[in-house]
Amino acid sequence: MKLPTGQVIGEVTDLRAPLAVRAEAFIAEQHVAPAEDVDGRDADCLHWLVTDAEGSVATLRVLPQGEVAKIQRVAVLKRARGTGLGTALMRHVMDRLAERGFTRATLGAQIDALGFYERLGFQAHGPVYDDAGIPHRDMDRDL
(Lines give C-alpha, C1' and ligand atoms only; values in the text may rest on other atoms or scores of the structure.)
Protein backbone atom coordinates (compact mmCIF):
# COMPACT_ATOMS: atom_id res chain seq x y z
CA MET A 1 0.00 0.00 0.00
CA LYS A 2 1.39 3.37 -1.01
CA LEU A 3 1.43 6.05 1.64
CA PRO A 4 -0.22 9.40 0.98
CA THR A 5 2.18 12.11 -0.15
CA GLY A 6 4.28 13.43 2.69
CA GLN A 7 3.93 10.40 4.99
CA VAL A 8 7.08 8.49 5.89
CA ILE A 9 7.55 5.23 7.84
CA GLY A 10 10.90 4.73 9.51
CA GLU A 11 12.57 2.75 12.23
CA VAL A 12 13.63 5.02 15.10
CA THR A 13 15.82 4.85 18.18
CA ASP A 14 14.82 8.21 19.67
CA LEU A 15 11.66 7.32 21.58
CA ARG A 16 10.32 10.80 22.28
CA ALA A 17 7.96 10.86 19.28
CA PRO A 18 6.69 7.26 19.63
CA LEU A 19 6.04 7.82 23.34
CA ALA A 20 4.16 11.03 22.57
CA VAL A 21 1.91 9.24 20.04
CA ARG A 22 1.29 6.42 22.54
CA ALA A 23 0.53 8.92 25.32
CA GLU A 24 -2.14 10.56 23.17
CA ALA A 25 -3.69 7.32 21.88
CA PHE A 26 -3.46 5.13 24.98
CA ILE A 27 -3.14 7.34 28.05
CA ALA A 28 -5.27 10.34 27.03
CA GLU A 29 -7.89 8.60 24.86
CA GLN A 30 -8.16 5.12 26.36
CA HIS A 31 -7.25 6.08 29.94
CA VAL A 32 -4.45 3.50 30.19
CA ALA A 33 -2.26 4.15 33.22
CA PRO A 34 1.13 5.60 32.19
CA ALA A 35 2.95 2.74 33.96
CA GLU A 36 0.97 0.24 31.86
CA ASP A 37 2.16 1.86 28.61
CA VAL A 38 5.73 2.73 29.60
CA ASP A 39 6.55 -0.67 31.06
CA GLY A 40 10.35 -0.67 31.05
CA ARG A 41 10.59 -2.83 27.91
CA ASP A 42 11.02 -0.10 25.29
CA ALA A 43 14.82 -0.44 25.35
CA ASP A 44 14.42 -4.13 24.39
CA CYS A 45 12.20 -3.31 21.40
CA LEU A 46 12.44 -2.14 17.80
CA HIS A 47 10.35 0.98 17.13
CA TRP A 48 8.72 2.37 13.99
CA LEU A 49 7.20 5.81 13.51
CA VAL A 50 5.05 7.37 10.81
CA THR A 51 5.33 11.10 10.23
CA ASP A 52 3.48 13.48 7.97
CA ALA A 53 3.47 17.22 7.35
CA GLU A 54 1.89 17.80 10.77
CA GLY A 55 4.34 15.62 12.71
CA SER A 56 4.26 12.15 14.23
CA VAL A 57 1.04 10.29 13.51
CA ALA A 58 1.50 6.55 14.22
CA THR A 59 3.87 4.12 15.90
CA LEU A 60 4.40 0.56 17.00
CA ARG A 61 7.07 -1.44 18.77
CA VAL A 62 8.31 -5.00 18.33
CA LEU A 63 9.71 -7.15 21.12
CA PRO A 64 12.01 -9.77 19.56
CA GLN A 65 11.54 -13.26 21.04
CA GLY A 66 13.89 -15.50 19.08
CA GLU A 67 12.37 -15.97 15.62
CA VAL A 68 9.04 -14.55 16.85
CA ALA A 69 8.32 -10.83 16.68
CA LYS A 70 5.80 -9.64 19.29
CA ILE A 71 4.12 -6.54 17.86
CA GLN A 72 3.00 -4.15 20.57
CA ARG A 73 1.76 -0.62 21.19
CA VAL A 74 0.23 -0.11 17.74
CA ALA A 75 -1.11 3.45 17.86
CA VAL A 76 -2.53 5.76 15.20
CA LEU A 77 -3.61 9.26 16.15
CA LYS A 78 -7.30 10.01 15.76
CA ARG A 79 -6.71 12.40 12.85
CA ALA A 80 -5.27 9.56 10.73
CA ARG A 81 -7.56 6.67 11.65
CA GLY A 82 -9.55 5.14 8.83
CA THR A 83 -7.07 6.30 6.18
CA GLY A 84 -5.24 2.99 5.69
CA LEU A 85 -2.19 4.27 7.53
CA GLY A 86 -2.35 1.55 10.20
CA THR A 87 -2.48 -1.13 7.51
CA ALA A 88 0.46 0.44 5.66
CA LEU A 89 2.49 0.61 8.88
CA MET A 90 1.76 -3.02 9.77
CA ARG A 91 2.59 -4.29 6.26
CA HIS A 92 5.80 -2.28 6.16
CA VAL A 93 6.95 -3.57 9.54
CA MET A 94 6.04 -7.20 8.78
CA ASP A 95 8.07 -6.99 5.57
CA ARG A 96 11.06 -5.60 7.50
CA LEU A 97 10.70 -8.31 10.16
CA ALA A 98 10.67 -11.08 7.53
CA GLU A 99 13.80 -9.55 5.95
CA ARG A 100 15.50 -9.78 9.35
CA GLY A 101 14.70 -13.49 9.67
CA PHE A 102 11.67 -13.44 11.93
CA THR A 103 9.32 -16.29 10.96
CA ARG A 104 6.24 -15.43 13.00
CA ALA A 105 4.48 -12.35 14.33
CA THR A 106 2.30 -12.36 17.42
CA LEU A 107 0.31 -9.67 19.19
CA GLY A 108 -2.36 -9.05 21.79
CA ALA A 109 -5.21 -7.30 19.98
CA GLN A 110 -7.86 -5.15 21.56
CA ILE A 111 -11.16 -6.89 20.87
CA ASP A 112 -12.39 -3.87 18.89
CA ALA A 113 -9.37 -4.25 16.55
CA LEU A 114 -9.65 -8.00 15.80
CA GLY A 115 -11.05 -7.37 12.31
CA PHE A 116 -8.18 -5.01 11.48
CA TYR A 117 -5.60 -7.66 12.33
CA GLU A 118 -7.59 -10.48 10.67
CA ARG A 119 -7.48 -8.51 7.40
CA LEU A 120 -3.68 -8.54 7.78
CA GLY A 121 -3.66 -12.34 8.06
CA PHE A 122 -3.57 -12.72 11.84
CA GLN A 123 -5.62 -15.47 13.47
CA ALA A 124 -7.05 -15.19 16.97
CA HIS A 125 -6.55 -17.94 19.52
CA GLY A 126 -7.08 -18.46 23.22
CA PRO A 127 -9.45 -16.72 25.59
CA VAL A 128 -10.25 -13.04 25.95
CA TYR A 129 -8.15 -11.43 28.70
CA ASP A 130 -7.78 -8.05 30.35
CA ASP A 131 -4.76 -5.90 29.52
CA ALA A 132 -4.70 -2.41 31.07
CA GLY A 133 -8.47 -2.60 31.61
CA ILE A 134 -9.17 -3.37 27.94
CA PRO A 135 -10.32 -6.79 26.63
CA HIS A 136 -7.69 -8.41 24.38
CA ARG A 137 -7.13 -11.64 22.51
CA ASP A 138 -3.87 -13.17 21.28
CA MET A 139 -3.30 -13.37 17.54
CA ASP A 140 -0.48 -14.58 15.30
CA ARG A 141 0.57 -15.21 11.72
CA ASP A 142 3.52 -16.48 9.75
CA LEU A 143 5.78 -13.90 8.15
Side-chain angles (χ1 to χ4, degrees), residues 1 3-4 6-98 100-143:
M1 168 178 265
L3 288 172
Q7 290 183 338
V8 177
I9 299 174
E11 189 172 354
V12 297
T13 55
D14 181 341
L15 300 185
R16 289 176 292 184
L19 290 173
V21 171
R22 286 167 35 189
E24 186 173 333
F26 297 133
I27 297 167
E29 286 183 39
Q30 296 184 344
H31 310 291
V32 171
E36 292 275 352
D37 178 49
V38 183
D39 61 358
R41 299 299 307 262
D42 283 309
D44 302 326
C45 295
L46 307 169
H47 297 265
W48 276 267
L49 181 70
V50 182
T51 57
D52 65 12
E54 296 179 46
S56 303
V57 68
T59 190
L60 64 74
R61 77 179 191 185
V62 174
L63 178 62
Q65 299 176 319
E67 291 183 3
V68 176
K70 185 170 176 101
I71 299 171
Q72 303 175 313
R73 308 299 195 272
V74 179
V76 177
L77 296 184
K78 191 179 284 187
R79 68 180 172 85
R81 289 186 199 139
T83 66
L85 180 62
T87 298
L89 173 60
M90 287 290 295
R91 287 186 176 150
H92 175 87
V93 169
M94 287 187 297
D95 287 347
R96 302 297 77 77
L97 294 171
R100 290 183 183 189
F102 291 95
T103 60
R104 193 150 190 80
T106 185
L107 54 83
Q110 293 184 9
I111 294 300
D112 290 345
L114 285 177
F116 169 75
Y117 294 111
E118 287 170 342
R119 288 187 294 280
L120 289 164
F122 285 84
Q123 294 182 341
H125 58 86
V128 173
Y129 59 91
D130 179 274
D131 185 2
I134 301 168
H136 282 69
R137 192 151 180 227
D138 287 334
M139 301 184 84
D140 56 21
R141 64 160 280 176
D142 290 332
L143 292 174

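One distance of note links CG of Leu15 with CZ of Arg61; it measures 9.5 Å at 0.5 Å rounding. Note that CE of Met94 and CG of Leu89 are 9.5 Å apart. Values are rounded to the nearest 0.5 Å. In this structure, CG on Leu49 lies 11.0 Å from OG1 on Thr13, to the nearest 0.5 angstrom. The CD atom of Gln123 sits 13.5 Å away from atom CG of Asp138, with the distance rounded to the nearest 0.5 Å. Here the straight-line distance linking atom CG of Leu63 with atom CG of Leu107 works out to 12.5 Å at 0.5 Å rounding. To the nearest 0.5 Å, atoms CZ (Arg22) and OG1 (Thr59) are separated by 7.0 Å.
For the pair Trp48 and Val50, the minimum side-chain heavy-atom distance is 4.5 Å or more. The closest side-chain heavy-atom distance from Arg137 to Ile111 is below 4.5 Å. Looking at Asp142 and Arg104, their side chains come closer than 4.5 Å, going by heavy atoms from C-beta outward. Under the 4.5 Å side-chain criterion, counting only non-hydrogen atoms from C-beta, Asp39 is in contact with Arg73. Put simply, the side chain of Leu97 reaches to within 4.5 Å of the side chain of Val93, judged on heavy atoms. The shortest distance between side-chain heavy atoms of Val62 and Ile71 falls below 4.5 Å. At a threshold of 4.5 Å between non-hydrogen side-chain atoms, the residues Asp42 and Leu19 count as touching. Between Gln72 and Cys45, the closest side-chain pair of non-hydrogen atoms falls below 4.5 Å.
Taking every heavy atom of both residues into account, Gly108 and Tyr129 meet most closely at CA-OH, 3.4 Å. Residues Ala88 and Ile9 approach most closely at O-CD1, 3.8 Å, considering heavy atoms. Here the closest non-hydrogen pair linking Phe122 and Ala105 is CE2-O, 3.7 Å. Considering every non-hydrogen atom in both Val57 and Leu85, the closest pair reads CG1-CD2, 3.5 Å. For the residue pair Val76 and Gly86, the shortest heavy atom distance occurs at CG2-CA, 4.0 Å. Gln7 and Asp52 get closest at one heavy-atom pair: CG-CB, 3.6 Å.
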Just list the side-chain donor-acceptor pairs under 3.5 Å for residues 26-36, sequence neighbours left out, or say none.
unit_1: Glu29; atom_1: OE1; unit_2: Arg81; atom_2: NH1; d: 2.9
unit_1: Glu29; atom_1: OE1; unit_2: Arg81; atom_2: NH2; d: 2.9
unit_1: Glu29; atom_1: OE2; unit_2: Arg81; atom_2: NH2; d: 3.2
unit_1: Gln30; atom_1: OE1; unit_2: Gln110; atom_2: NE2; d: 2.9
unit_1: Gln30; atom_1: NE2; unit_2: Gln110; atom_2: OE1; d: 3.3

Donor-acceptor pairs are to be reported for all side-chain atoms of residues 113-120 against protein atoms at under 3.5 Å, with residues two or more places apart or in another chain.
unit_1: Arg119; atom_1: NH1; unit_2: Gly115; atom_2: O; d: 3.2

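Between Arg16 and Asp14, at least one side-chain N (NZ, or NE/NH1/NH2) sits under 4.0 Å from a carboxylate O, which counts as a salt bridge.
Annotation: Arg41, atom CZ; neighbour count of heavy atoms from other residues, nucleotides and ligands within 6.0 Å does not exceed 12.
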